[in-house]
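Accompanying notes for the structure given below.
Hydrogens, waters and symmetry mates are skipped; everything else that's a heavy atom, side chains included, is used. Throughout, protein chains are lettered first and strands after them, A, B, ... in sequence-line order, and every chain is numbered starting at 1.
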2 protein chains.
Amino acid sequence: MLSKKTKYGIKALTFLGRQVDNTPVAIATISKSENISLKFLESILLTLRKNGILGSKKGKGGGYYLLKSPSEIPMTAIMRILEGPISMVPCVSLNFYEKCADCPDESACAVHNLMMQVRDNTLDIFRNTSLADLCNC
Amino acid sequence: MLSKKTKYGIKALTFLGRQVDNTPVAIATISKSENISLKFLESILLTLRKNGILGSKKGKGGGYYLLKSPSEIPMTAIMRILEGPISMVPCVSLNFYEKCADCPDESACAVHNLMMQVRDNTLDIFRNTSLADLCNC
DNA sequence: CATAAACCCTATAGATTTAGTAGATTAATA
DNA sequence: TATTAATCTACTAAATCTATAGGGTTTATG
């Protein structure tokens, strides 16, 4: 299940991507428009900034803005920052790999092989979808 | 992320599906072979029984056994029982649908439309994979 | 009747999620 | 320069979920 953090993060990014110019938008503006708890959104936007997706400007007239154009931001990046691994099990993760404690042989593990398929398919979608695609719908 | 419950459940089902005859297998046998905590596995097998996947026999020589042949058990059924919804958001779920509180218009929601794609792809895999496929690998 | 097994109920430690509260810091502007 | 509007930081907290553990009950078998 997708966390609210990720869901809200994507919604906020989409909101920013739909802006005509790329001038800073205040958290409160996004919060009201997308029905997201202000302080929760604040922490989400902060992590997006720390991970190079967003820039921010402090003080009056400040806010958050996209650092790249929406078409240059793949969903893989957004998902990995907000949700973490795209895989359903760590043992098939590309960026967050971890061996299973209970499983002696990965290549013989039924779960492993099934989840590899799921990962490949999901990854394919996220790789071929950019923030721009989300903004146009 | 896949819960351990689901992972262990699938492993146990695979173990049962690989049995030559379909005679009852004790929880302890599966627990040892697959490195799964006995009491946790107990509760997992119980829910699989209550959901029509497994049968059980009490007393000496008792245990759990599959109610159908592995090829007749699709992964969709197993996943829904153990993990719940296959969708990443309730608003695109076929079997566990729930409207989002924050979202006024589903068809205009970027998250909704993206997760619909992911669901379709994942569902396709689970529909075309049966327990039998997992047993042969 | 003894034994071995599923069954059933309860509790719980720990982690994660989803926030809320309080204040510090920074920058534009009147 | 004083004010104001904004981000930034840190702490707290409730609620829920996860992954067990323990103990007692029931049922079948030899």
(message) Less than 4.5 Å apart, side chain to side chain, heavy atoms only: is that true for B:Glu72 and B:Leu131?
(response) no
(message) Do A:Leu94 and A:Leu123 make a side-chain contact, defined as non-hydrogen atoms from C-beta onward lying under 4.5 Å apart?
(response) yes
(message) Please classify the nucleic acid contact of B:Lys7 as base, sugar-phosphate, or nothing, using heavy-atom distances under 4.0 Å.
(response) nothing
(message) Run the side chain to side chain contact (heavy atoms under 4.5 Å, CB included) test on B:Leu2 and A:Met115 for me, step by step, so that the C-alpha distance in whole Å, both residues' side-chain angles and the decisive distance to 0.1 Å come before the verdict.
(response) CA-CA 9 Å; B:Leu2 209 67; A:Met115 291 309 153; 3.9 Å; yes
(request) Enumerate the residue pairs fulfilling side-chain hydrogen bond (donor to acceptor under 3.5 Å, both in side chains) with a member in residues 88-98 of chain A, sequence neighbours excluded, ordered by first and then second residue. (result) A:Tyr97-A:Glu106
(request) Could you walk me through whether B:His112 and B:Cys100 pass side chain to side chain contact (heavy atoms under 4.5 Å, CB included), step by step? (result) CA-CA 10 Å; B:His112 180 86; B:Cys100 295; over 6 Å; no
(request) Carefully, step by step, assess A:Lys11 and B:Asp102 under the rule side chain to side chain contact (heavy atoms under 4.5 Å, CB included). (result) CA-CA 11 Å; A:Lys11 282 191 164 193; B:Asp102 56 302; 2.7 Å; yes
(request) Please work out which residues in residues 92-105 of chain B have a non-hydrogen atom less than 4.0 Å from an atom of DNA chain C and list them by number. (result) none
(message) Below 4.0 angstrom, which residues in residues 31-49 of chain A have at least one non-hydrogen atom near DNA chain C?
(response) A:Ser37, A:Lys39, A:Phe40
Whether [X] side chain and [Y] backbone form a donor-acceptor pair below 3.5 Å:
| X | Y | answer |
| --- | --- | --- |
| A:Ser33 | A:Ile30 | no |
| A:Asp133 | A:Ser130 | yes |
| A:Ser31 | A:Ile36 | yes |

(message) At a heavy-atom distance below 4.0 Å, what parts of residues 79-91 of chain A sit against DNA chain D?
(response) none
(request) Would you kindly compare B:Lys57 and A:Tyr8 by the position of their nearest DNA chain C nucleotide and give the one closer to the 5′ end? (result) B:Lys57
(request) Select one nucleotide: of C:dA6, C:dT26, C:dT3, the one nearest the side-chain heavy atoms of B:Lys60. (result) C:dT3
(request) Might you work through the side chain to side chain contact (heavy atoms under 4.5 Å, CB included) test for A:Tyr65 and A:Gln19, ending with a clear yes or no? (result) CA-CA 9 Å; A:Tyr65 53 91; A:Gln19 233 55 25; over 6 Å; no
(message) Going 5' to 3' along DNA chain D, which are the first and last nucleotides with any atom under 4.0 Å from a heavy atom of chain A?
(response) D:dA5 to D:dT9
Pair up each side-chain donor or acceptor in residues 76-91 of chain B with any protein partner under 3.5 Å, not counting sequence neighbours, and list the distances.
| from | atom 1 | to | atom 2 | distance (Å) |
| --- | --- | --- | --- | --- |
| B:Glu83 | OE1 | B:Ser3 | N | 3.3 |
| B:Glu83 | OE1 | B:Ser3 | OG | 3.0 |
| B:Glu83 | OE1 | B:Thr6 | OG1 | 2.3 |
| B:Ser87 | OG | B:Val92 | O | 3.2 |

(message) Please say yes or no: joined through hydrophobic side-chain contacts below 4.5 Å, possibly via intermediate residues, are A:Ile53 and A:Phe15 part of one cluster?
(response) yes
(message) Quick check for you: to the nearest 0.5 Å, what is the distance between B:Ile44 atom CD1 and B:Lys7 atom NZ?
(response) 11.0 Å
